[in-house]
Participant: 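Take this structure, written in structure tokens, and hold onto it; I'll ask about it next.
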Amino acid sequence: MGPSGDTIPANREHEFGEIPGSATGRGIAPITALGGRAPVNLDLSGHKSRGMQERIVGVLLWICGALSLLTTAGIIFVLFQQAFVFFQQIPITDFLFGTTWTALFKTPLYGVLPLVSGTLMITLIAMLVAIPLGLMSAIYLSEYAPNRAREILKPALELLAGIPTIVYGFFAVTFIRPDILVKIFPGIGPFSALSAGVAVGILTIPLVASLSEDSMRAVPRALREGGYALGATKLEVSWQIVVPAAISGIIASFILAMSRAVGETMIVALAAGSKAQLTGNPLEPMQTMTGFIVQAFSGDMVVGTPPYLSLFAVGLLLFFITLALNLISQKVVGRFREAYE
Amino acid sequence: MNSAIEQVGTPNAAADVDVIVSIRDLNVFYGKFHAVGNVSFDVPKNQITALIGPSGCGKSTVLRCINRMNDLIPEARVEGRIEYHETDINSSNVDPVEVRRHVGMVFQKPNPFPKSIYENISWGAQINGHKGNYDELVERCLRQAALWDEVKDKLQESGLALSGGQQQRLCIARTLAINPDVILMDEPCSALDPISTLRIEDLMRELERQYTIVIVTHNMQQAARVSDQTVFFSLGENRMGVLVEASQTRQLFTNPNDQRTEDYITGRFG
Ligand SMILES: Nc1ncnc2c1ncn2[C@@H]1O[C@H](COP(=O)(O)OP(=O)(O)O)[C@@H](O)[C@H]1O
Ligand SMILES: [Mg+2]
């Protein structure tokens with residue numbers, strides 16, 4: 001190493017500036033660029049139009065950013081405002097803790113618990129499908145698959161995520177229930193939380209698999225080698241070294257899948273039925289929060305009436321649930337992230 | 001020029017030395033690239049063997065053959081015989097997992113698991129089916145690796161929270177926990193400061209009584225300080241790594257047989 005930048009007398013800077021890539025040369029590069037090489041009459045002011053262009057692009061980008069933020073704020077504002085009107089007519093405690101939801105009936109009751117339990121049941125079933133299968137696919141793709149197989153399977157998996165959810169919905173009604181579930185649970189009706197939940201689960205497998213795989217691939221190779229060097233098998237390295245090391249990303253993928261399942265609409269509208277009931281039996285039809293919103297919109301509704309306003313209350317609750325899930329996921333990622341190096 | 005083969009045996013000519021690993025006509029390819037050509041040498045039991053030579057001459061590659069780590073690199077192909085206690089570890093009925101349970105490895109960059117210090121050590125023993133008391137095992141390995149006093153009060157903290165030198169000793173401790181015969185070390189001190197380096201060198205001399213150590217180092221002083229035997233590699237034609245000389249360390253550094261060795265140790269490269 002040569003002398004450090006600060007100890008070089010100013011009038012000798014240019015000599016060191018000529019040493020390409022040397023530690024000294026790099027250390028004082030900003031000074032030598034002007035003092036050593038630049039001809040006296042060098043014009044660095046650039047094209048006049050470039051500054052203008054940059055400014056216009058900057059403003060445009062700012063507008064786009066502001067617009068998306070404003071839209072979000074606007075949606076939340078409307079939700080809150082209409083929900084507020086709703087809660088002036090129906091006490092919020094009746095809404096949150098009531099056990100009967102008959103919003104579209106002649107004598108309506110607005111207890112949201114059946115919708116919440118329907119949502120949770122279907123999400124639970126979906127996660128029971130998506131977490132094991134998604135994680136297993138991720139482990140296969142990240143640890144076991146030869147490069148060639150991964151190059152084909154990963155995009156295929158992501159393609160699966162692009163199938164419109166309505167297709168999963170009628171897949172649930174026309175295939176999953178009659179061809180699979182009926183054989184295992186003969187008592188299952190045409191519409192049930194189970195067949196909707198299974199379809200939502202299949203829908204979210206690619207999400208879990210793809211995000212988990214990304215975080216497993218990010219685990220340094222050196223950790224795997226450390227495991228193998230102790231005489232571990234591939235299974236032991238995958239499950240006991242790679243998965244724990246990637247756990248923050250894996251859990252985040254679970255929570256994102258959950259938040260996707262909570263908000264999923266078309267599948268539940270088609271396959272879960274439209275009976276809002278508080279039951280623990282997954283073979284029964286159930287209505288979810290999103291399912292109710294779809295049903296309400298497909299019937300007649302008078303603007304400003306409680307049934308209409310209840311849509312906003314349900315929407316607001318849905319918003320809070322997914323918001324909470326996303327916040328938890330961020331927390332988890334921060335909490336479990338291991339700093340390598 | 002002396003061929004590699006003729007050099008073999010010289011260091012082990014003394015009758016009192018047991019050979020634990022014997023390498024014959026080792027050739028390694030990465031795809032079409034012939035990385036190491038016709039390497040043969042013996043590793044004497046309970047001694048430290050140093051592999052030295054310029055960067056890229058295949059030292060790590062040879063080392064990784066001894067515990068079949070190159071199996072993990074899809075494009076790598078290994079030819080030749082490597083006998084460990086007279087069993088050819090490359091033969092088809094040998095399970096590389098079993099080989100690695102006898103031949104442990106410490107890497108260039110410390111790579112503790114993102115687990116607690118305790119688990120870093122217990123994990124290897126556990127997957128190897130260790131039946132005894134784990135607390136005792138952890139303490140013994142940490143003591144052997146000269147790390148116990150520094151970490152005994154924080155065994156549940158993450159291994160990643162340790163300093164680089166401590167991490168490397170943790171990696172040595174975790175290797176000791178599987179009770180290997182041979183420990184391979186690939187430039188274990190290159191990422192460490194001089195004080196940590198000296199501690200690890202002391203540790204190697206300590207471990208030599210119980211284990212056989214093969215160490216790759218680019219630091220010739222280190223090879224001279226710690227090793228009993230030194231194997232010198234150089235770059236041959238087409239950037240293929242070849243073995244130039246394998247001798248007792250003192251002889252190799254004071255009176256090398258090969259001109260290339262002499263040029264290298266006196267600092268005249270090429
Ligand atoms: N995984 C790999 N794939 C392809 N070439 C490799 C790989 N590992 C090492 N090599 C090449 O093999 C040669 C020997 O490498 P290495 O054994 O790491 O040398 P050394 O440890 O002596 O520096 C080098 O030319 C290197 O580029
Ligand atoms: Mg190397």
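Because only heavy atoms are used, hydrogens play no part in the values below, and waters and symmetry mates are left out as well, while side chains stay in. Residue numbering restarts at 1 for every chain, and letters A, B, ... go by the order of the sequence lines.
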Participant: Please classify the contact of B:P110 with chain A as side chain, backbone, both or neither, using a heavy-atom distance under 4.5 Å.
Facilitator: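 Neither part.
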Participant: Considering only heavy atoms, which portion of A:R221 lies under 4.5 Å from any heavy atom of chain B: side chain, backbone, both, or neither?
Facilitator: side chain
Participant: Please classify the contact of B:I178 with chain A as side chain, backbone, both or neither, using a heavy-atom distance under 4.5 Å.
Facilitator: side chain
Participant: Kindly compute the distance separating CG (B:N67) from OH (A:Y228), expressed to the nearest 0.5 Å.
Facilitator: 13.5 Å
Participant: Measure B:M105 against the heavy atoms of chain A and call it side chain, backbone, both or neither at under 4.5 Å.
Facilitator: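 Both parts, backbone and side chain.
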Participant: For a 4.5 angstrom cut-off between non-hydrogen side-chain atoms, does B:W123 reach A:I241?
Facilitator: yes
Participant: Under 4.5 Å heavy-atom distance to chain A, tell me which part of B:R174 shows up: side chain, backbone, both or neither.
Facilitator: both
Participant: Supply the atom-to-atom distance A:E225 CD to B:F107 CZ, rounded to the nearest 0.5 angstrom.
Facilitator: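 Rounded to the nearest 0.5 Å, the CD-CZ separation comes out at 5.0 Å.
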Participant: Looking at A:L230, is its backbone amide N or carbonyl O close enough to the side chain of B:R100 to form a donor-acceptor pair, meaning the two atoms are under 3.5 Å apart?
Facilitator: no
Participant: Heavy-atom distances under 4.5 Å only: say whether B:V103 touches chain A with side chain, backbone, both or neither.
Facilitator: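 The answer is the backbone of B:V103.
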Participant: Under a 3.5 Å distance rule, please check whether B:K115 uses its side chain to pair with a backbone N or O of A:P244 as donor and acceptor.
Facilitator: no
Participant: Quick one: does B:N111's side chain have a donor or acceptor within less than 3.5 Å of a partner on A:L223's backbone?
Facilitator: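 Not confirmed, B:N111 side chain does not pair with A:L223 backbone.
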Participant: Hey, is CD on B:E86 packed in by over 12 heavy atoms from elsewhere, all under 6.0 Å?
Facilitator: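 Check fails, neighbour count at 12 or below.
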Participant: Quick check: are there more than 12 heavy atoms from other residues, nucleotides or ligands sitting under 6.0 Å from NZ of A:K331?
Facilitator: no
Participant: Surrounding NE2 of B:H130 (heavy atoms of other residues, nucleotides or ligands, distance under 6.0 Å), is the total greater than 12?
Facilitator: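 Enclosed.
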Participant: Please indicate whether A:I184 has more than 12 foreign heavy atoms, meaning atoms of other residues, nucleotides or ligands, lying under 6.0 Å from its CD1.
Facilitator: yes
